[in-house]
Q: 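Below you will find the structure I want to go over with you.
Fair warning: this is a prediction, and the values are worked out from it, not measured in the lab.
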Amino acid sequence: MTAQLMTVTQRSGRNQGIELVRTLAAFAIVWYHSKAVGSEISYSGLSAFLMLTMLFEVGSNWSRRVRIAALARRLLIPWAFWFAVFGAINLARHQPFISLEYSGGWVAGVFAGSSIHLWYIPFIFALIVALAVVKRSVDRQVLFWLAMTATVVNLATVGQWEPWSRQIGYPLAQWMQASTAVLIGLLIGLHRSTRWGTQALAVALMLAAATWVFSPLPGVALPHMIAALVLLAALRWGDRIPASPVMQTLANATFGIYLCHPIFLGAAKQLPLHVALRVTLAFVASALFVIAYQRLRARLKQPALPVN
């Protein structure tokens with residue numbers, strides 16, 4: 001979830017379909033981390049965020065220079081803040097600050113995070129910086145066909161790299177699982193500017209569907225396919241959805257929700273409620289916490305703390 005994705009732009013006239021996708025994706029991520037029934041499918045929320053990031057980076061942000069220091073302030077400072085928060089929670093529970101059980105030792109532990117969801121932040125930071133370098137060397141059409149080739153290879157070899165990455169462990173397993181969504185996001189962002197791009201994107205989605213049908217591995221294709229179809233629908237028809245202040249407020253809070261939701265989810269798990277109610281309660285509590293912080297900051301006109 002990049003800062004570009006979470007704030008997108010401060011101008012009016014946003015595609016409300018995209019804002020709805022962001023909100024639903026944040027809820028899906030909370031569900032995914034609950035480990036409840038359907039959590040494998042709800043990984044589509046993270047897939048949607050990955051695809052949206054790629055969509056913006058190869059779309060409206062194609063010519064914009066990536067300022068690494070500014071990007072680090074938006075992503076790595078919040079990551080470091082919440083890394084410390086969740087690390088302190090681990091210590092309070094008499095657990096290690098970070099896990100040292102990964103095959104990569106403490107380095108893997110840092111990149112995986114003191115809470116398992118924090119892997120995403122340095123991953124997306126590195127991805128945006130790497131993509132900025134690539135964009136200086138190739139045009140849109142070349143990048144599209146490179147992404148298309150990589151997508152075919154990725155889906156065709158999932159039976160080899162998925163078990164291997166799980167054996168290696170975090171954070172490599174997380175990076176590899178995210179790679180499919182990254183590549184499909186590039187295809188979605190570039191297909192309109194490339195000859196035969198629409199047809200190639202359709203082929204990629206059909207390959208994802210075939211992987212879901214024929215692969216015995218759970219969650220390797222279906223979440224990405226769901227995210228891609230929902231995102232394409234939002235791009236096609238989302239501007240027909242009337243603007244909603246509630247939806248906009250929730251969409252603006254999604255980065256903060258992602259960062260803090262494990263705290264509220266952990267508390268909700270202690271309640272004698274159905275899992276769907278616990279997940280919903282955790283999502284709502286996370287959203288209210290972030291929105292309250294945002295409004296307090298705006299009222300006091302203070303610099304942003306690493307909450308959202």
Side-chain angles (χ1 to χ4, degrees), residues 1-2 26 28-47 49-50 72 75-127 129-130 154 157-182 215-224 255-270 275 278-279 282 286 306:
M1 236 149 290
T2 70
I29 289 170
V30 179
W31 191 285
Y32 175 72
H33 287 137
S34 73
K35 303 300 181 184
V37 175
S39 60
E40 291 177 349
I41 295 176
S42 62
Y43 184 85
S44 57
L46 192 61
S47 296
F49 279 125
L50 286 161
L75 293 177
L76 298 186
I77 289 179
W79 171 76
F81 175 85
W82 288 100
F83 196 107
V85 168
F86 286 105
I89 292 174
N90 292 340
L91 293 177
R93 294 173 174 172
H94 305 289
Q95 299 173 354
F97 190 86
I98 60 172
S99 176
L100 299 177
E101 297 178 355
Y102 305 128
S103 60
W106 68 268
V107 175
V110 169
F111 282 109
S114 54
S115 177
I116 202 60
H117 73 299
L118 292 177
W119 71 272
Y120 183 88
I121 309 301
F123 173 80
I124 208 68
F125 174 85
L127 190 62
V129 173
N154 179 280
T157 61
V158 66
Q160 287 72 48
W161 61 255
E162 200 276 345
W164 170 78
S165 66
R166 285 188 178 274
Q167 183 178 7
I168 298 297
Y170 294 154
L172 180 64
Q174 297 160 311
W175 298 345
M176 293 300 295
Q177 188 176 15
S179 64
T180 309
V182 169
S215 174
L217 301 171
V220 297
L222 182 58
H224 306 312
F255 186 39
I257 292 170
Y258 181 86
L259 289 170
C260 72
H261 78 270
I263 294 175
F264 297 97
L265 185 59
K269 284 182 177 179
Q270 308 306 314
V275 63
R278 294 201 299 266
V279 171
S286 302

Q: Around atom CD of Gln160, are there more than 12 heavy atoms from other residues, nucleotides or ligands closer than 6.0 Å?
A: yes
Q: How would you list, by chain and number, every residue that makes a side-chain contact (heavy atoms from CB on, under 4.5 Å) with Ala181, sequence neighbours excluded?
A: Ser47, Leu50, Met51, His224
Q: Which heavy-atom pair separates Leu259 from Pro78 by the least distance, and what is that distance?
A: CD1-CB, 4.0 Å
Q: Once rounded to the nearest 0.5 Å, what's the spacing between atom CH2 of Trp31 and atom CD of Glu40?
A: 14.0 Å
Q: Before you tell me yes or no, could you show the steps for Leu46 and Tyr32 under side chain to side chain contact (heavy atoms under 4.5 Å, CB included), namely the whole-Å CA-CA distance, both residues' side-chain angles and the distance that decides it to 0.1 Å?
A: CA-CA 9 Å; Leu46 192 61; Tyr32 175 72; 5.9 Å; no
Q: Counting only heavy atoms from other residues, nucleotides and ligands, does the tally under 6.0 Å from CD1 of Ile168 exceed 12?
A: yes
Q: Hey, does the side chain of Trp161 reach the backbone of Gln177 with a donor-acceptor pair shorter than 3.5 angstrom?
A: no
Q: So how far is it from Trp106 CH2 to Ser99 OG, rounded to the nearest 0.5 Å?
A: 14.5 Å
Q: Restricting to side chain to side chain donor-acceptor pair (under 3.5 Å), what partner residues turn up for Ser115, sequence neighbours left out?
A: His117
Q: Show, in sequence, the C-alpha distance, side-chain angles and deciding distance for Ile263 and Trp82, and conclude whether the side chain to side chain contact (heavy atoms under 4.5 Å, CB included) test is met.
A: CA-CA 11 Å; Ile263 294 175; Trp82 288 100; 3.8 Å; yes
Q: Give me the atom names and distance for the closest heavy-atom approach of Phe83 to Val110.
A: CE1-O, 3.3 Å
Q: Check residues 86-94 and write down every donor-acceptor pair under 3.5 Å in which the side-chain atom is one partner and the other belongs to a residue at least two apart or another chain.
A:
unit_1	atom_1	unit_2	atom_2	d
Asn90	ND2	Phe86	O	3.3
Asn90	ND2	Phe97	O	3.0
Asn90	ND2	Ser114	O	2.8

Q: Look up atom CZ in Phe123 and atom CG in Leu75, then write down how far apart they are to the nearest 0.5 Å.
A: 13.0 Å
Q: Any salt bridge (charged side-chain N to carboxylate O under 4.0 Å, His left out) involving residues 158-169? Give me the pairs, sequence neighbours left out, ordered by first then second residue.
A: Glu162-Arg166
Q: Does a side-chain heavy-atom distance below 4.5 Å link Val30 with Leu265?
A: yes
Q: Which atom names give the shortest non-hydrogen contact between Trp119 and Gln174, and what distance separates them?
A: CD1-NE2, 3.0 Å
Q: Work out which heavy atom in Tyr258 is nearest to a heavy atom in Pro262; give both atom names and the distance.
A: O-CD, 4.1 Å
Q: Checking side chain to side chain contact (heavy atoms under 4.5 Å, CB included) for the pair Val158/Thr180: CA distance, chi angles, key distance, verdict?
A: CA-CA 10 Å; Val158 66; Thr180 309; over 6 Å; no
Q: Taking atom CD of Glu101 as the centre, does the number of heavy atoms from other residues, nucleotides or ligands within less than 6.0 Å exceed 12?
A: no
Q: Residues two or more places apart in sequence or in another chain: which of them pass side chain to side chain donor-acceptor pair (under 3.5 Å) with Ser286?
A: none
Q: Got a sec, which residues hit side-chain contact (heavy atoms from CB on, under 4.5 Å) with Val129, two or more places apart in sequence or on another chain?
A: Ile68, Leu71, Phe125
Q: Ser44: which residues meet the side-chain contact (heavy atoms from CB on, under 4.5 Å) condition with it, sequence neighbours left out?
A: Pro223, Ile226, Ala227
Q: Measuring from atom OH of Tyr43 to atom CG of Leu222, what distance do you get when rounded to the nearest 0.5 angstrom?
A: 13.0 Å
Q: Apply side chain to side chain contact (heavy atoms under 4.5 Å, CB included) to the pair Trp175 and Val182, showing each step before the final yes or no.
A: CA-CA 10 Å; Trp175 298 345; Val182 169; over 6 Å; no
Q: For residues Asn154 and Ser179, report the shortest heavy-atom separation together with the two atoms involved.
A: ND2-OG, 3.0 Å
Q: Write down the atom of Phe49, the atom of Ala26, and the distance for their closest heavy-atom approach.
A: CE1-N, 3.7 Å
